[in-house]
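These numbers come from the heavy atoms of this one structure, side chains and all, not from hydrogens, waters or symmetry mates. Every chain is numbered from 1, with letters handed out A, B, ... down the list of sequences.
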There are 2 protein chains.
Amino acid sequence: MKKSITIKEIAEKAQVSIATVSMVLNKKDKKISQATREKILIIAEKYNYTPNTMARSLITKQTRTIGLIIPDIVNPFFPEIARGVEDKASELGYSVIYCNTDDKIKREDKYINVLTEKMVDGIIFAHSSDRQMGFDSLDRCKVPILLIDRDYENKNVIGRVVVDNKKGAYMATSYLLDRGYKKIAYIAGSITTTTAIGRLEGYNQALTERKLVIDNRYIKVGEYKMQWGMQAAEQLLCEKEPADAIFCGNDLIAIGAIKKLKEYGLRVPEDIGIVGFDDIYLASLVEPPLTTIKQPNYEMGFKAAELLIKNLEKGRVNSVKNENNKILAKENNILLPTELIIRMSTK
Amino acid sequence: MKKSITIKEIAEKAQVSIATVSMVLNKKDKKISQATREKILIIAEKYNYTPNTMARSLITKQTRTIGLIIPDIVNPFFPEIARGVEDKASELGYSVIYCNTDDKIKREDKYINVLTEKMVDGIIFAHSSDRQMGFDSLDRCKVPILLIDRDYENKNVIGRVVVDNKKGAYMATSYLLDRGYKKIAYIAGSITTTTAIGRLEGYNQALTERKLVIDNRYIKVGEYKMQWGMQAAEQLLCEKEPADAIFCGNDLIAIGAIKKLKEYGLRVPEDIGIVGFDDIYLASLVEPPLTTIKQPNYEMGFKAAELLIKNLEKGRVNSVKNENNKILAKENNILLPTELIIRMSTK
DNA sequence: CTGAAAGCGCTTACAG
DNA sequence: CTGAAAGCGCTTACAG
């Protein structure tokens with residue numbers, strides 16, 4: 001491929017210094033005469049000049065690139081986040097390097113290193129729930145990190161954008177109770193993540209508020225998979241007093257549960273109520289359509305990019321002051337609301 | 001954030017020159033004594049040295065970053081591609097900057113510029129079908145481009161990885177004929193893209209091979225949306241001799257068609273056969289489960305990254321020779337096979 | 001085996 | 001209003 005013209009070459013052609021060219025091309029040209037300016041601009045246009053951002057970044061210490069580390073873009077939970085991030089970033093003149101970790105800490109660490117070497121200005125990170133406090137590669141990270149979806153404590157974390165899982169689970173459980181179901185089970189995908197803990201709390205709160213007893217036999221913990229939804233639903237059906245409604249940790253679990261209930265000849269929602277969490281593409285096409293707690297994934301990505309970049313640019317203004325503000329400003333912790341989407345069968 | 005130590009500082013601490021440090025850190029240290037090597041390595045380790053790839057790239061003209069330009073990561077067609085690209089790229093030591101265009105040529109052009117400025121080594125590009133030959137921003141692009149999914153002619157295109165749409169459509173249509181359906185309709189999403197043309201050809205071929213007449217009333221052209229599937233299915237049902245099977249341009253169209261058929265009280269596949277193209281997440285959960293032509297999207301991304309990077313590195317070896325090989329080597333045009341996935345109702 | 005020097009393409013005080 | 005110069009952090013011939 002043909003290489004680009006440089007400011008040095010433009011300077012020669014225009015018979016001016018490279019400093020002047022640089023200033024004109026960067027619009028820091030208040031002090032440059034109109035004649036000079038035009039001469040330079042015309043040459044740059046003619047030779048299709050593209051600046052070399054490598055060279056620029058070397059001086060400015062700013063790449064206008066951010067990293068996005070997620071478990072897996074194929075997991076339908078993440079494309080919307082990724083899209084939100086990219087939309088806001090590109091609006092603000094930033095590019096995004098994206099990385100898939102499959103929730104493996106080794107890969108996370110590798111990507112944090114790579115992104116550091118590429119000198120990204122910041123990282124948006126949906127980390128593995130297995131991440132352990134203590135001796136952590138995040139400590140050695142030289143780049144500000146903003147967490148999404150899952151929370152974590154680390155000195156390099158400058159902010160977090162998470163979903164109000166507790167409220168969502170509360171809404172889901174309350175919805176089922178409002179519709180007259182009495183014994184609400186909860187099929188969880190996990191119980192260790194901050195996300196999962198929030199959902200359990202919301203479930204508990206809804207029951208407690210109505211003075212209902214929390215029955216551990218109705219709480220099943222497994223993985224966020226369809227298979228587990230089927231398995232857990234079967235377990236629930238075998239209890240002496242089977243539950244009459246199920247709040248599912250995510251849509252995949254819910255879909256599995258529905259499948260199993262059908263096998264047992266149970267109708268949803270006539271015989272048993274179901275609400276899922278998350279919002280998978282086509283969830284509305286499953287039969288019966290799945291009522292879910294929708295997570296604002298696009299907004300999560302969008303807000304995260306906005307917050308990160310805002311902080312980066314603020315940081316540049318008074319970087320000295322920022323050096324040891326380990327206490328996170330409250331406005332850097334964003335809790336996004338969820339929404340209950342009720343879907344009815346069209347039959 | 002704390003800044004990284006530089007090779008200059010390491011050189012001072014180790015009492016050697018920066019050249020020596022550079023060689024050791026880059027493993028080009030055959031000629032360096034073991035003692036010196038170790039001294040340097042220990043210091044680098046101790047101070048948690050991370051190389052500044054900006055500085056390096058400025059000299060080597062290589063960023064080990066590629067661009068991925070796609071219409072929309074939220075469209076379920078693209079996550080698998082993106083994942084394939086990232087997997088292969090990271091395996092080969094490359095990062096990927098990803099961009100969403102919404103099929104807008106302006107955004108495509110913008111991203112091509114941005115990626116050029118960021119000095120990516122190459123671009124994997126799923127372009128808008130509206131792209132016009134002639135005065136084209138791609139011509140001015142300074143970076144090698146590899147096309148995926150959709151073909152296009154341009155001097156900067158060094159390769160293409162596309163799906164065998166013709167064969168896929170042929171398989172879909174033949175499958176329906178084999179099952180005894182007589183009048184196969186085709187609801188297309190488009191008729192202008194190379195992709196769409198391939199599918200139409202395959203459909204025609206299957207009919208022609210069995211000496212069946214191609215009836216234009218059975219071919220409906222619209223968009224790749226569920227809404228259009230519903231609409232077109234309705235149109236087909238209103239024909240004097242309604243079709244008894246439909247090959248759908250993609251899964252969304254197929255799902256829309258199924259929906260409409262249900263409204264008319266028609267059963268799939270007893271009353272009418274349906275085959276879709278593409279493979280959307282959860283397509284197996286729609287009722288009845290959708291038989292589709294699966295596109296090897298992950299492989300497409302994976303192969304694309306492999307092919308692009310292989311060419312980049314080859315190009316570096318003999319860049320002079322490569323300058324004007326406008327004729328694309330045959331091995332740079334990859335046609336990936338599709339697969340027929342038959343899904344039956346479990347009832 | 002190692003170092004001095006040039007240079008990648010740019011920005012940024014500083015001087016005039 | 002404009003230019004000369006230093007320097008960002010690195011690599012790469014070249015010399016010894």
Nearest whole Å is fine: how far is [N] [atom2] from [X] [atom1]?
X	N	atom1	atom2	value
B/K8	C/dA5	NZ	C1'	14 Å
A/M119	D/dC8	CE	P	13 Å
A/N26	C/dG9	CG	P	17 Å
B/L25	D/dT12	CG	C1'	16 Å
A/K27	C/dC10	NZ	P	15 Å
B/E12	C/dG3	CD	C1'	15 Å

Fill in: Sugar-phosphate, base or nothing in reach of A/T36, heavy atoms under 4.0 Å
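A/T36: backbone/sugar contact only, no base atoms under 4.0 Å.
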When you get a sec, tell me which of [options] is the closest nucleotide to the side chain of [X]?
X	options	result
B/S22	C/dC10, D/dT11, C/dC8	D/dT11
B/R56	D/dC10, D/dG7, D/dC1	D/dC10
A/N52	C/dC10, D/dT11, C/dG3	C/dC10
B/T60	D/dG3, D/dC10, D/dT11	D/dT11
B/I18	D/dC10, D/dG9, C/dT11	D/dC10
B/L58	C/dG3, C/dC10, C/dC8	C/dC8

Item to complete: Output all residues satisfying ring-ring contact (aromatic ring centres under 6.0 Å, His included) with B/F77, sequence neighbours left out; order by chain, then residue number.
Response: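 ring-ring contact (aromatic ring centres under 6.0 Å, His included) check on B/F77 returns nothing, list empty.
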Worksheet item: Who are the ring-ring contact (aromatic ring centres under 6.0 Å, His included) partners of B/Y49, not counting sequence neighbours?
Response: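 ring-ring contact (aromatic ring centres under 6.0 Å, His included) list for B/Y49, sorted by chain: empty.
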Item to complete: Find the distance between CD1 (A/I148) and CG (A/N297) and round it off to the nearest 0.5 Å.
Response: 9.0 Å
Practice prompt. Could you tell me the separation between the CG atom of B/N332 and the CG atom of B/L146, rounded to the nearest 0.5 Å?
Written response: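 One gets 7.5 Å once the value is rounded to the nearest 0.5 Å.
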Worksheet entry | Per-nucleotide pairing state of DNA chain C [Watson-Crick or G-U, under 3.5 Å; [ ] pseudoknot-crossing; | other strand] | |||.||||||||.|||
Worksheet entry | Contact under 4.0 Å: A/K61 side-chain N or O vs D/dG9 OP1/OP2 |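 Yes, A/K61 has a side-chain N/O under 4.0 Å of OP1/OP2 on D/dG9.
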Worksheet entry | Non-hydrogen side-chain atoms of A/Y298 and A/D87 separated by less than 4.5 Å | yes
Worksheet item: What residues form a side chain to side chain contact (heavy atoms under 4.5 Å, CB included) with A/K46, not counting sequence neighbours?
Response: none
Worksheet item: Taking for each residue the nucleotide of DNA chain C with the nearest heavy atom, is it B/V16 or B/I59 whose nucleotide lies nearer the 5' end?
Response: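 Closest to the 5' end, via its nearest nucleotide, is B/V16.
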Worksheet item: Is A/E45 atom CD crowded by more than 12 heavy atoms from other residues, nucleotides or ligands, each under 6.0 Å away?
Response: no
Worksheet item: Would the number of heavy atoms belonging to other residues, nucleotides or ligands and lying under 6.0 Å from NZ of A/K303 be above 12?
Response: no
Worksheet entry | Residues that A/D72 engages under salt bridge (Lys or Arg N to Asp or Glu O under 4.0 Å), provided they are two or more places apart |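 A/D72 satisfies salt bridge (Lys or Arg N to Asp or Glu O under 4.0 Å) with B/R83 only.
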Worksheet item: Can you tell me if B/T65 and A/K118 form a side-chain donor-acceptor pair at under 3.5 Å?
Response: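 Yes, A/K118 and B/T65 have a side-chain donor paired with an acceptor closer than 3.5 Å.
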Within the sub-3.5 Å range, which N or O atoms of nucleotides 13-16 of chain C have a protein N or O partner, and how far apart are they?
none

